[in-house]
Amino acid sequence: MLTLALLRAKTEEVKKGLAIKNFGQPELVDEIIKLDDERKALQRDRDEAQMQMNIASKEIGAAFQSGDKAKAEELKAKTAQLKDDIKVLSEKHDAALEAMNAKLILLPNMPHPSVKPGKSAEDNETIHQEGDIPEFSFEALPHWELAAKYDIIDFELGNKITGAGFPVYKGKGARLQRALIGFFLDRATDAGYLEIQPPLVINEESGYGTGQLPDKDGQMYAIPEDKLFLIPTAEVPVTNIYRDVMLKEDELPKKNAAYSACFRREAGSYGKDVRGLNRLHQFDKVEIVQIAHPDKSYAILEEMKDHVAGLLRDLKLPFRILRLCGGDTSFTAALTYDFEVYSAAQKRWLEVSSVSNFESFQANRMKLRFKDKEGNTSLLHTLNGSALALPRILAALLENYQTETGIYLPDVLKTYTGFDSI
RNA sequence: GGAGAAAUGGCAGAGUGGUCGAAUGCGGCGGUCUUGAAAACCGUUGAUCCGCAAGGGUCCGGGGGUUCGAAUCCCUCUUUCUCCGCCA
């Protein structure tokens, strides 16, 4: 969430930022500041009453110790009114605080100055494209047909065991998945990321910390009996490692990478978007996360963007990078780059990575701070990106590398798969 | 799953109703000494909220309660440890 300091210091800029994010209630900003003013006034009164109470208590204690019971009892009688005042003021204070937080949590993150206005994916800006789009001299098959033809992914079997969106990978399909995970993790390790194997199930506090809760709980699979959720991405458990943490400046940046299965309900999706591997309820992903000094987070965002580009380059997949417009940038992000690969038989771009700087938006919720060399504490910046999400990479690999005699995979994967072709 | 014990500052560890935000030790930081370092000695060292400041409020696993007053008493939740059972 945004800091009150920002709302107060840059009220009008915040409202402009909200407009770029297509957030329609700019009046919330003023309401929040007003509630905070009320809260502060209430705190002053309450603290004053509490101080009087503390003084009275000490006097009573002193009276008892000097054996003056009568005086003690007399003082005691006077504390009743104070006690009542404190109770009332505390309740009012807490109510104002709660009302303020309830509104504050509704505000999305501020967009970075480079983020342009826009309503939807249509308005995203392509900032880079590279790689050759394959041409076929034969009729190229979409990946779901290739998967059936070579018997490497069984969608029907997944339907039987669980339901739609839970495919079963078999033989070389399973091995290829494992190869991609190994490849992505090794590359992350080479880039200085510490590999993490996080829990796949999270509690409410963690969901709140990264912003999935309270509003997006419908997108996660829930285990209500235990108040737990299946992770929609490793971002949640990995970033929450740093919840309520105070880092030292010289520990920065923290770089973590994690492979995990990801679970998403994806309610309301339909049609060609969900065909084959395009959109699943369970999928694999390697995620990279960094905790950065506020002055360095945008340089680090570029570094992470380059890391992801390097992976796609080595897989020799044609890809493009988009800078998301205000309307398509997520609630929690300040700036997001999406990576899309071209899947040659479907003839469409598929999103395979999203790399974002959340600035202090998540850190503020999580109380993730650092102490600088002067001893001042301030919020850190959090960033993350997919590096990479597997299913659509798999789809593009199958489609783009198909020939009439088989699917010949890119060289970098051979040491991981142990085979050249499918 | 059954029985018992515990949770205090960066760490270790005192404190069982009043001046305790909290002894002491270690660690950290600053200094004296030293050619430099170590040792020794001296000082300092939590977070957060309100306030221009002075100052004040809150925090001893989380939440609630008793009391004029709670780290200390009560309830509850969570976590950890020990023993038994089960088990990849």
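Keep in mind that the numbers below use all heavy atoms, side chains included, and drop hydrogens, waters and symmetry copies. Order of the sequence lines fixes the chain letters, A, B, ..., with proteins taken first and strands second; residue numbering starts at 1 for each chain. All values derive from a computational prediction rather than experimental measurement.
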For the [atom1] atoms, the ones on [N] and on [M], what distance do you get once it is rounded to whole angstrom?
N: B:rU58; M: B:rC20; atom1: P; answer: 15 Å
N: B:rA70; M: B:rC59; atom1: C1'; answer: 13 Å
N: B:rC74; M: B:rA5; atom1: P; answer: 13 Å
N: B:rG1; M: B:rU72; atom1: C1'; answer: 34 Å
N: B:rU24; M: B:rA14; atom1: P; answer: 15 Å
N: B:rU45; M: B:rG55; atom1: P; answer: 15 Å
N: B:rA71; M: B:rU16; atom1: P; answer: 13 Å
N: B:rG4; M: B:rG10; atom1: P; answer: 33 Å

Please give, in whole Å, the distance from [N] [atom2] to [X] [atom1]?
X: A:Gln43; N: B:rC59; atom1: CD; atom2: P; answer: 13 Å
X: A:Met53; N: B:rU58; atom1: CE; atom2: P; answer: 11 Å
X: A:Leu42; N: B:rC50; atom1: CG; atom2: P; answer: 13 Å
X: A:Leu379; N: B:rA47; atom1: CG; atom2: P; answer: 15 Å
X: A:Ile86; N: B:rU58; atom1: CD1; atom2: C1'; answer: 12 Å
X: A:Asp94; N: B:rU48; atom1: CG; atom2: P; answer: 20 Å
X: A:Asp37; N: B:rC50; atom1: CG; atom2: C1'; answer: 13 Å

| task | Measure from the side-chain N and O atoms of A:Asn124 to the backbone N and O of A:Cys325, and report whether any donor-acceptor pair falls under 3.5 Å. | result | yes
| Within the structure shown, what part of the strands sits under 4.0 Å from A:Thr79 by heavy-atom distance: base, sugar-phosphate, or nothing? | sugar-phosphate
| Base, sugar-phosphate, or nothing: which does A:Ile60 touch, judged by heavy atoms less than 4.0 Å apart? | base
| said: Would you call the rings of A:Tyr416 and A:Phe183 parallel, tilted or perpendicular, taking 30° and 60° as the class edges? | reply: perpendicular
| query | Parallel, tilted or perpendicular: which fits the ring planes of A:Phe361 and A:Phe331, with parallel below 30° and perpendicular above 60°? | reply | perpendicular
For residues 84-93 of chain A, tabulate all N or O donor-acceptor pairs below 3.5 Å that involve a side-chain atom, not counting sequence neighbours.
unit_1  : atom_1 : unit_2  : atom_2 : d
A:Asp85 : OD1    : A:Gln81 : NE2    : 3.0
A:Ser90 : OG     : A:Ile86 : O      : 2.9
A:His93 : NE2    : A:Arg39 : NE     : 3.4

Distance test, side-chain N/O of [X] to OP1/OP2 of [N], below 4.0 Å:
X: A:Lys371; N: B:rA47; answer: yes
X: A:Asn54; N: B:rG57; answer: yes
X: A:Lys83; N: B:rG69; answer: yes
X: A:Arg44; N: B:rG56; answer: no
X: A:Gln50; N: B:rU58; answer: yes
X: A:Thr377; N: B:rU48; answer: yes

Candidate nucleotides [options], ranked by approach to the side chain of [X] - the nearest:
X: A:Lys76; options: B:rC68, B:rG51, B:rG57; answer: B:rC68
X: A:Met51; options: B:rG56, B:rA47, B:rG18; answer: B:rG56
X: A:Arg369; options: B:rU48, B:rG56, B:rG18; answer: B:rU48

| query | Tell me, do A:Tyr193 and A:Met304 make a side-chain contact under 4.5 Å, heavy atoms counted? | reply | yes
| A:Gln346 versus A:Asn278: any side-chain heavy-atom pair under 4.5 Å? | yes
| Is the shortest side-chain N to carboxylate O distance from A:Glu302 to A:Lys305 below 4.0 Å? | yes
| Which one is paired to B:rG51, where only Watson-Crick or G-U wobble pairs with both distances under 3.5 angstrom count? | none
